[in-house]
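Note on naming: letters A, B, ... go to the chains in the order of the sequence lines (proteins, then strands), and numbering restarts at 1 for each one. As the structure is a prediction and not an experimental result, all values here were calculated from the model.
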Amino acid sequence: MDMLENLNPEQRLAVEHGEGPALVLAGAGSGKTRVIVHRIAYLILRGASRPENILAVTFTNKAAQEMRERIHRLLGPSRSAEPLISTFHAFCVRLLRREIHFLGYRQDFSIYDTDDQKRLMKQILEDSHREELSAREVLSRVSYAKNHNVTPEVYAHRFPSETAEEIAALYRTYDSRLRKANALDFDDLLLKTVELFTRYAARRDHYSNWFRYILVDEYQDTNRPQYELLRLLTARHRNVFVVGDEDQSIYKFRGADIRNILSFEKDFPGTRTIKLEQNYRSTQNILRVAGAVVEHNTARKGKTLWTENHAGDVITCHRASSARSEACWVVRRIQGSQLENPDWRTAVLYRANFLSRNFEDVLREEGIPYTVVGSVGFFSRMEVKDMLAYLRVIHNPEDDVALLRIVNTPPRGIGSSTVEALTRKALDEGIPISQALQAVACHPLTPARASRSLRRFHEMLDAWMALRDTATIAGLLERIVRDTEYQAMLEKQESLEEAENRMANIEELIRAAAESQAREETVFEFLDRASLSSELDQIDTNARVVLMTLHSAKGLEFDLVFLAGLEEGLFPHAQSLNSNEDLEEERRLCYVGITRARQKLFLSWTPFRRSYGADAGMPAFPSRFLDEMPGDLVEGLGESGPTYVRDEEEDYDRGQEDMETPFRQSRRSVIRRPSRQDAAAAEPAASRTAFRSGMRVRHAQFGDGIIMNRVRIGNDFKLTITFSRVGKKTLIERFAKLQAL
DNA sequence: GGACAAGGGATTTTT
DNA sequence: TCCCTTGTCC
Ligand SMILES: Nc1ncnc2c1ncn2[C@@H]1O[C@H](COP(=O)(O)OP(=O)(O)OP(=O)(O)O)[C@@H](O)[C@H]1O
């Protein structure tokens with residue numbers, strides 16, 4: 001089978017592994033993901049399994065999508081059935097939509113995302129007059145308890161503390177409110193599936209018999225329920241094949257348990273363990289630096305990693321005089337690199353999202369196209385969430401959180417005191433808020449105006465619900481926008497510009513709904529995708545320059561990588577300094593960052609980063625991870641130690657840093673004055689076929705038209721197009737699938 | 001009930 | 001610095 005020719009002997013061993021548990025334990029860039037892809041193709045081509053009996057689990061939806069495409073490429077087109085490739089969460093949702101009635105929920109359950117959870121917990125804190133606690137804190141404790149099979153009843157006993165009783169009470173309320181709302185949070189998606197399989201062996205056997213081969217990527221970041229799920233699903237056939245790297249476990253804060261991978265061989269006796277030691281991604285220098293850093297950790301098995309790639313450049317570390325100056329330094333190097341290697345893909349990686357600011361500013365000023373992961377994703381925009389909340393209420397009227405979100409959005413005379421009356425009534429009677437509308441409207445103490453508003457809202461809701469099974473989702477959404485005068489609200493609240501952007505997003509959502517139905521998906525499949533889609537799933541993989549957190553970068557690779565903000569207190573983060581366990585996780589994060597780089601790696605830091613815009617008292621020290629790197633492979637480490645004299649604002653046109661770099665001549669020719677056109681010209685590379693205003697284009701649905709205007713909004717471009725057939729429309733370029741004429 | 005201003009708190013990482 | 005919550009006034 002020639003497919004095996006592109007694999008080294010160890011990889012091939014893994015791909016050809018027969019039945020029974022297997023663990024591929026290997027360092028970064030050694031081809032773990034590649035092994036999964038090839039193994040799936042191999043199982044299918046060799047006839048070991050039909051495609052649909054294979055389940056592969058990835059960490060993100062994006063990774064799932066990519067894996068699907070890679071398998072297609074190996075297998076060639078036109079297969080009738082497909083393997084199921086999905087995240088754990090998406091897999092569970094799919095399954096629960098069919099099976100959850102066993103657990104007493106209705107199949108039209110809602111999914112509460114982090115924002116919904118917070119709203120619910122805030123509400124609970126208010127109701128129980130515990131407003132001194134932060135919803136976020138309580139939720140993280142509750143989540144931890146849930147994921148460790150600790151019920152509210154035993155919580156105080158298991159985790160004794162001053163607030164334990166309180167937390168336990170809140171936990172109990174939270175759970176019962178979720179259940180009453182016919183809603184599941186992200187944790188529940190996994191936990192309810194585990195519960196289903198535990199309580200109903202027949203259901204477990206059904207799925208276990210169906211999915212004969214189960215493969216898991218990034219196993220080092222699985223949590224306990226995911227582990228249990230895996231055990232339940234593979235108890236019979238034991239065909240569980242996982243790949244991972246204990247040095248890349250970076251999601252402890254989300255419940256990931258590194259012990260899953262460390263004790264896999266014990267958990268699944270008879271495991272065949274395969275190590276991959278050749279790295280295909282990075283230069284020798286990059287690999288050695290990465291290895292030197294992670295070697296300072298103790299909670300690891302240790303591994304060798306070598307490469308046939310060339311030594312590559314020495315890594316450069318730069319100490320900047322301010323965060324702004326750091327960004328200028330990085331951008332100047334990006335400009336140089338883009339002249340030298342126009343097709344290189346670049347990533348700027350940092351510890352926390354707020355650090356993207358300066359890089360965005362400078363990139364925009366220089367007119368360099370870029371995308372940011374972590375800016376507000378499409379489905380988390382306010383206007384989109386509003387619309388989704390309407391849909392959720394219509395399909396699951398018990399969804400109190402969604403109802404409270406929209407009950408007075410747009411403002412319709414149902415103010416805070418009326419809302420309070422509604423929640424009180426619902427709480428007292430143990431009914432959903434949608435059922436309290438009527439009662440509160442009729443209540444003698446409700447003011448006439450409020451009563452009228454409630455009746456009107458109730459009628460609208462009824463009307464929409466009557467349409468829910470006959471109208472299309474798109475039609476229903478259009479109707480909601482119209483009935484609620486949503487656009488008028490936007491125009492009143494914000495600039496016309498902003499209102500237009502938001503309406504364009506709503507129109508996009510409506511089109512997405514139409515496409516979803518054209519694919520014969522149910523409304524729930526549409527809503528589920530919205531709930532589970534993350535920003536990372538929406539990024540343009542072809543973008544030349546990507547800004548993102550180190551966490552988001554896991555699993556990706558870039559020719560050129562910048563690791564910015566390497567300061568004590570920031571990276572490693574201050575919160576991790578007093579626990580060795582947490583510190584080791586930070587170090588793994590650093591290892592992940594370094595090993596994203598194929599060709600070149602640059603490091604940077606500044607003693608003088610401002611926090612909250614103000615001067616941050618003491619200058620910062622360079623990150624300890626810099627000290628852990630071998631001095632002969634990294635230049636500029638000597639610039640260590642904070643200088644207490646601040647440089648003058650260092651202009652990027654005359655910085656005195658190494659002019660000896662190959663980027664030298666390129667620089668002068670590239671630096672220009674920032675201008676408006678430049679900013680507008682900054683566009684995702686995928687669309688570099690450059691749509692411009694004045695251009696004639698064709699749209700699948702609207703026909704031919706002329707682009708009147710094109711503006712950047714976040715990672716997207718908003719196009720105003722006049723179509724000859726349907727007139728003026730505002731579209732988002734990324735989704736519009738336009739064809740230039 | 002809603003518009004607007006002032007003030008305080010926020011930044012760790014996300015399916 | 002900025003955003004969101006809270007308080008004040010119509
Ligand atoms: N046998 C091989 N021959 C050529 N290239 C390979 C081979 N194996 C892997 N690669 C390449 O090495 C790079 C890393 O592979 P892959 O992403 O599968 O590694 P990984 O172990 O999953 O990495 P990470 O742990 O960093 O996510 C990819 O560009 C891949 O194409």
Next on the checklist: For a quick test of reading the model: is some side-chain N or O of Asn223(A) closer than 4.0 Å to OP1 or OP2 of dT15(B)?
Outcome noted: no
Item to check | Nearest-neighbour nucleotide for the His89(A) side chain, dT14(B), dG1(B), dT15(B) considered | outcome: dT15(B)
Item to check | Whole angstrom value for the distance that separates C1' of dT15(B) from CZ of Phe88(A) | outcome: 12 Å
Checklist entry - Hey, does Asn353(A) reach any base, or is it just sugar-phosphate, or nothing, if we go heavy atoms under 4.0 Å? => result sugar-phosphate
Checklist entry - Taking the side chain from Gln248(A) and the backbone from Gln220(A), do they hold a donor-acceptor pair closer than 3.5 Å? => result no
Checklist entry - Under 3.5 Å, side chain of Ser453(A) to main-chain N/O of Arg412(A), donor-acceptor pair present? => result yes
Checklist entry - Once you round it to whole Å, what is the distance between P of dT6(C) and NZ of Lys122(A)? => result 8 Å
Next on the checklist: From C-beta outward on Thr114(A), which listed nucleotide comes closest to its side chain: dT14(B), dT15(B), dG1(B)?
Outcome noted: dT15(B)
Next on the checklist: Assess the residue pair Tyr171(A) and Tyr144(A) against the criterion (ring pair (Phe, Tyr, Trp, His ring centres under 6.0 Å)); give the C-alpha distance rounded to whole Å, side-chain angles, the decisive distance to 0.1 Å, and a yes or no.
Outcome noted: CA-CA 11 Å; Tyr171(A) 175 12; Tyr144(A) 187 87; over 10 Å; no
Next on the checklist: Under 4.0 Å, counting only non-hydrogen atoms across every strand here, what does Tyr251(A) touch: a base, just sugar-phosphate, or nothing?
Outcome noted: sugar-phosphate
Checklist entry - Which nucleotide in the list dC2(C), dT15(B), dA10(B) gets nearest to the side chain of Phe186(A)? => result dT15(B)
Item to check | Nearest listed nucleotide, side chain of Lys492(A), among dT11(B), dT13(B), dA3(B) | outcome: dA3(B)
Checklist entry - Atom CZ of Arg224(A) to atom P of dT15(B): distance rounded to whole Å? => result 23 Å
Next on the checklist: Is Arg357(A) close enough to dT11(B) that one of its side-chain N or O atoms is under 4.0 Å from OP1 or OP2 there?
Outcome noted: no
Next on the checklist: For Asp245(A), is there any backbone N or O sitting under 3.5 Å from a side-chain donor or acceptor partner on Ser249(A)?
Outcome noted: no
Item to check | Leu355(A) CG - dA10(B) P separation (whole Å) | outcome: 18 Å
Item to check | Whole-Å distance separating the CG atom of Leu184(A) from the P atom of dT15(B) | outcome: 19 Å
Checklist entry - Is the ring centre of Phe211(A) less than 6.0 Å from the ring centre of Phe91(A)? => result yes
Next on the checklist: Can you check the distance between dT13(B) and dC4(C), where both ends of the measurement are the P atom (answer in whole Å)?
Outcome noted: 15 Å
Checklist outcome for this item: In whole angstroms, the gap separating P of dC2(C) from CD of Glu360(A) amounts to 13 Å
Next on the checklist: Please check: side-chain N/O of Thr423(A) versus main-chain N/O of Glu420(A), any donor-acceptor pairing under 3.5 Å?
Outcome noted: yes
Next on the checklist: Is there a side-chain contact between Ser611(A) and the phosphate of dT1(C), meaning an N or O under 4.0 Å from OP1 or OP2?
Outcome noted: no
Checklist entry - What do you reckon, are the aromatic ring centroids of Tyr251(A) and Phe253(A) less than 6.0 Å apart? => result yes
Checklist entry - Given that Phe253(A) and Thr418(A) both sit by DNA chain B, which one's nearest nucleotide is further toward the 5' end? => result Thr418(A)
Checklist entry - Of all the choices, dT12(B), dG2(B), dG1(B), which nucleotide is nearest to the side chain of Pro411(A) once you look at every atom? => result dG2(B)
Item to check | Distance-only donor-acceptor check, side chains Asp187(A) and Ser143(A), under 3.5 Å | outcome: yes
Next on the checklist: Categorize Arg412(A) for me: base, sugar-phosphate, or nothing, with a 4.0 angstrom heavy-atom threshold over every strand shown.
Outcome noted: sugar-phosphate
Checklist outcome for this item: What residues 570-585 of chain A contributes to the DNA chain B interface at heavy-atom separation below 4.0 Å is His573(A), Gln575(A)
Checklist entry - Just checking Asn408(A): base, sugar-phosphate only, or nothing, at a heavy-atom cut-off of under 4.0 Å? => result sugar-phosphate
Next on the checklist: Distance check needed: dG2(B) C1' versus Arg449(A) CZ, whole Å only.
Outcome noted: 10 Å
Item to check | Among dT12(B), dT1(C), dT15(B), the nucleotide that comes nearest once only the side chain of Tyr612(A) is considered | outcome: dT1(C)
Checklist entry - Atom CD of Glu137(A) and atom P of dG9(B): how far apart are they, to the nearest Å? => result 17 Å
Checklist outcome for this item: Of dG1(B), dT11(B), dT14(B), the nucleotide closest to the side chain of Thr549(A) is dT14(B)
Next on the checklist: Judged by each residue's nearest nucleotide on DNA chain B, which is more toward the 5′ side, Leu589(A) or Val419(A)?
Outcome noted: Val419(A)
Item to check | Geometric cation-pi criterion Arg224(A) and Tyr227(A), 6.0 Å radius, 45° cone | outcome: no
